[in-house]
Amino acid sequence: MSHPLETIRHSLSHVMAEAVCKLYPGTKVAIGPAIDDGFYYDFQLPVTVQPEDLPAIEKEMRRIIAANLKFERREISKAEAVALFAAQPFKLELIEGLEDGAITVYSQGEFTDLCRGPHVDTTRDLRPDCFKLRAIAGAYWRGDEKRPMLTRLYAYAFNSKDELNAHLKMLEEAEKRDNRRLGKELGLFSTHEEAGPGLIYWHPKGGRFRVELENWWRDEHYKNGYDLLFTPHIGKAWLWEKSGHLGFYKEGMYAPMEIDEEKYYVKPMNCPFHIMIYNNDGHSYRDLPLRWGELGTVYRYERAGALHGLMRVRGFTQDDAHIICTPEQIEDEIAEVLRFSLSMWKILGFKDIKAYLATRPAGDGAVGAPEMWATALESLRKAVDKEGLPYEMDEGGGAFYGPKIDLKVKDAIGREWQMTTIQFDFNEPERFDMTYVNSDGTKKRPYMVHRALLGSIERFFGVYIEHTAGAFPLWLAPEQVAVIPVGNDFADYAKTVGDQLRRAGLRVRMMLSDDRMNAKIRLAQAQKVPYMLVVGAKERDESTVSPRLRDGRQLESQAVETFIAHAKARVAEKSLEL
RNA sequence: GCCCUUGUAGCUCAGUCGGUAGAGCACAUCCAUGGUAAGGAUGAGGUCAACGGUUCGAUUCCGUUCGAGGGCUCCA
């Protein structure tokens, strides 16, 4: 009989626990749940297990599976449980938190575990070739830094060998696309631990991508009714006390610097600055909505162990904006932001997008009247419905200052990345006493919404590198065309062609070194240059070029002008195809 | 911060069971002038992460420090 994958994974974790206990007598077992791509089990081991030991554990697991053992469920009393797990301190702690009468244990072979279940019937339901031990990691007991560090063994597990292999292949592909690796290979960016980890250096090619992306971003924002701001990188302690950041976000901020005996903080967010601009003038309801965007560079403390290429950094540029509007406008504004965001993702080539609505957190830490939360959430939900976007609720997942929508986009190899975020803020308008004058002459509090569409430029770059494997669409490619003469005799003609392309506004790499043509093609391919134009005697005599595409396709020899028109059209329409 | 792994040329890595290191790519010079993924030769380049200890002698063994990679949420 077949069982849900989660059950199979969980049962496998018991098998692994049995194997580990057998191989390392004296092992204390903690917990072993199923996870997204397999399972893990946490142990306190009498010895240090090393990666070389994993095959032996796998082998023992297969032996257990082959023995065709039954998983037997028993209900026992709390007293029985305490006696049974007398030598297992972690289990005892878990038992303490359980109701008498609701305690179950599962046994297979020589191993009995405190477990709610369910499990497969016998180890025969587990396939010996559908799992693979993955890694050894440290994990705190119950995720608490103050509790003992346990050894966690991770494993992949799937329904079939094919699915396992497909997953392993995806991981292999992910490794090839790793933004740190491609960033180096394609000369896009670097980090320098000696100059400060988690800080990104954009090289000329990465810079070119960024400029093209940002230019487009600015154009789109102006077209969509935004104004753009530039604000300082530092602000006095007053600002951050007022905003509440020193109260709620201090651990994410860097230590202050002193200027004229005043403390200044580097900004972790742009919002207080935008509010300063808002509060610089009085506002009428007639002025609203205001949509103010900024590519604002912020610095946030991230723990050293959390830093990761472009994905997790300490300094980054948010594609931030704040929408300040009346309560009546909020629904349309939210719908509009969502539509705008989706239109951007479409152009960038992401089709699979899912929304996550986060509601008011439990407890009394949240600010803002419940009615405001309800209206806000309603406008978020309506917007998602209007776009026909699939969504999930994240109950209690909102920030203390307001509900939000996060969008997750799926990349070319099926991984989801959280990018766009649209968040209500009931906190700062209050703290900064933001107001506008309503039609009846009374002062009102506006709604404020923070939103970032790409998230941050750095992280987006990382995701996009991995999504495209570095083969950017023509309009974003740092180098769009490589001109490759067949031999040095044709260098002059190559230069003429290159100049012509440059004048037409294309980004050209002239490959005029002494290398052979084959080597140049190889290099241009490796650099993912979209078009390679090979020129020799024939092309020179006919004023043509012979285009090769980075996907290996070959176009007909054509007049230089024809090629320029072809490429320019694709740039103009931001085509994902060459 | 903590656990496991790890740190040798710009990059990717090999090696030394303790006698101060090697390959490929990249780079430089020279030869070769070429039709769609690497032409050839020569050369330059390293205080083997840093500091301490053991030793006649340490890049190699031991210790400490710093950095990097994976993990520390998914609740019997």
Side-chain angles (χ1 to χ4, degrees), chain A residues 6 9-10 13-14 17 29-45 48-54 81 85 88 90-99 102-106 112-117 119 134-154 175 178 180-181 184-185 187 190-194 196-198 303-309 482 484-491 513-527 532-539 546-550 552-555 557:
Chain A
E6 205 186 319
R9 285 173 172 161
H10 187 48
S13 89
H14 278 223
V29 294
I31 55 168
I35 50 175
D36 286 348
D37 55 5
F39 60 91
Y40 69 76
Y41 210 112
D42 287 345
F43 304 100
Q44 190 171 57
L45 292 158
T48 302
V49 178
Q50 284 166 343
E52 304 87 83
D53 302 323
L54 295 181
F85 293 103
Q88 293 289 349
F90 301 108
K91 294 296 176 190
L92 288 177
E93 188 178 326
L94 294 169
I95 292 165
E96 258 175 55
L98 296 176
E99 296 285 310
I103 297 178
T104 56
V105 295
Y106 278 82
T112 298
D113 200 357
L114 178 72
C115 184
R116 182 168 47 201
H119 280 283
R134 172 176 113 193
I136 300 166
Y140 296 105
W141 168 233
R142 304 198 134 177
D144 182 345
E145 301 192 16
K146 294 182 189 71
R147 311 297 302 271
M149 172 65 71
L150 306 176
T151 303
R152 176 172 295 180
L153 300 188
Y154 279 101
E175 206 177 315
D178 189 294
R180 292 163 301 180
R181 177 193 186 126
K184 205 179 270 183
E185 285 174 10
S190 60
T191 57
H192 302 271
E193 49 101 348
E194 67 277 29
R303 299 198 297 176
L307 299 175
H308 185 88
I484 302 174
V486 162
N488 276 356
D489 286 351
F490 313 104
S513 72
D514 286 340
D515 287 329
R516 298 192 51 189
M517 178 202 67
N518 283 307
K520 292 176 186 173
I521 289 176
R522 189 180 138 86
L523 181 63
Q525 284 285 156
Q527 291 293 303
M532 285 148 270
L533 300 184
V534 176
V535 295
K538 182 166 161 285
E539 287 76 18
S546 167
R548 176 196 163 98
L549 277 48
R550 73 177 161 208
R553 273 145 69 210
Q554 189 84 36
L555 301 185
S557 270

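Numbers restart at 1 for each chain; the letters A, B, ... are given by sequence-line order, proteins then strands. Everything quoted here is computed from the prediction, not taken from an experiment.
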| request: Name all residues meeting the side chain to side chain contact (heavy atoms under 4.5 Å, CB included) criterion together with A:Lys184; count only those two or more places apart in sequence or in a different chain, and write none if there are none. | output: none
| A:Asn518: partners by side chain to side chain contact (heavy atoms under 4.5 Å, CB included), with sequence neighbours left out | A:Arg516
Protein-nucleotides 8-14 of chain B N/O pairs closer than 3.5 Å?
residue, atom, partner, partner atom, Å
B:rU12, OP1, A:Lys184, NZ, 3.2

| Partner of A:Phe43 under side chain to side chain contact (heavy atoms under 4.5 Å, CB included), chosen from A:Ile31, A:Leu153, A:Leu150 | A:Leu153
When all nucleic acid strands are considered with a 4.0 Å heavy-atom cut-off, which category describes [X]: base, sugar-phosphate, or nothing?
{"X": "A:Leu98", "result": "base"}
{"X": "A:Gln44", "result": "nothing"}
{"X": "A:Glu185", "result": "nothing"}
{"X": "A:Ala537", "result": "base"}

Expressed as a whole number of angstroms, how long is the span from [X]:[atom1] to [N]:[atom2]?
{"X": "A:Arg548", "N": "B:rG35", "atom1": "CZ", "atom2": "P", "answer": "15 Å"}
{"X": "A:Arg522", "N": "B:rA38", "atom1": "CZ", "atom2": "C1'", "answer": "5 Å"}
{"X": "A:Lys538", "N": "B:rG34", "atom1": "NZ", "atom2": "P", "answer": "17 Å"}
{"X": "A:Tyr41", "N": "B:rC75", "atom1": "OH", "atom2": "C1'", "answer": "12 Å"}
{"X": "A:Asp515", "N": "B:rA41", "atom1": "CG", "atom2": "P", "answer": "15 Å"}
{"X": "A:Gln525", "N": "B:rU36", "atom1": "CD", "atom2": "P", "answer": "13 Å"}

| field | Gap in Å between the two P atoms, one belonging to B:rC13 and one to B:rG69, rounded | value | 14 Å
| On a whole-Å scale, what distance lies between the P atoms belonging to B:rA28 and B:rG45? |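 Taking atom P in both B:rA28 and B:rG45, they lie 16 Å apart.
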| query | So which one's nearest nucleotide on RNA chain B is more toward 5', A:Thr104 or A:Met517? | reply | A:Met517
What residues form a side chain to side chain donor-acceptor pair (under 3.5 Å) with [X], not counting sequence neighbours?
{"X": "A:His119", "answer": "A:Ser11, A:His14"}
{"X": "A:Asp514", "answer": "A:Asn488"}
{"X": "A:Thr112", "answer": "A:Ser107"}

What pairs with [X] under salt bridge (Lys or Arg N to Asp or Glu O under 4.0 Å), at least two apart in sequence or on another chain?
{"X": "A:Arg147", "result": "A:Glu93"}
{"X": "A:Glu6", "result": "none"}
{"X": "A:Arg550", "result": "none"}

| query | Is any NZ, NE, NH1 or NH2 atom of the basic residue among A:Asp515 and A:Lys520 found under 4.0 Å from an Asp or Glu carboxylate oxygen of the other? | reply |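 No, this pair does not count.
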| said: Test of understanding: with ring-ring contact (aromatic ring centres under 6.0 Å, His included), list the residues that count as partners of A:Tyr140, not counting sequence neighbours. | reply: none
| Looking at the side chain of A:Asn488, which of B:rU33, B:rU36, B:rA37 is the nearest nucleotide? | B:rU33
| request: With the side chain of A:Val486 defined as its heavy atoms from C-beta on, choose the nearest nucleotide among B:rG34, B:rA37, B:rU36. | output: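 When the side chain of A:Val486 is considered, B:rG34 is the closest of B:rG34, B:rA37, B:rU36.
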| field | Where protein sits on nucleotides 64-74 of chain B, one letter per nucleotide: B base, S sugar-phosphate only, - none, heavy atoms under 4.0 Å | value | ---SSSBBBSB
| said: The test is salt bridge (Lys or Arg N to Asp or Glu O under 4.0 Å); show your working for A:Asp37 and A:Arg9 and say whether it passes. | reply: CA-CA 9 Å; A:Asp37 55 5; A:Arg9 285 173 172 161; over 6 Å; no
| task | Just need the stems in RNA chain B: three or more back-to-back Watson-Crick or G-U pairs, each with both distances under 3.5 angstrom, sorted by first number. | result |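 Stems found: B:1-7 with B:66-72, B:10-13 with B:22-25, B:27-31 with B:39-43, B:49-53 with B:61-65.
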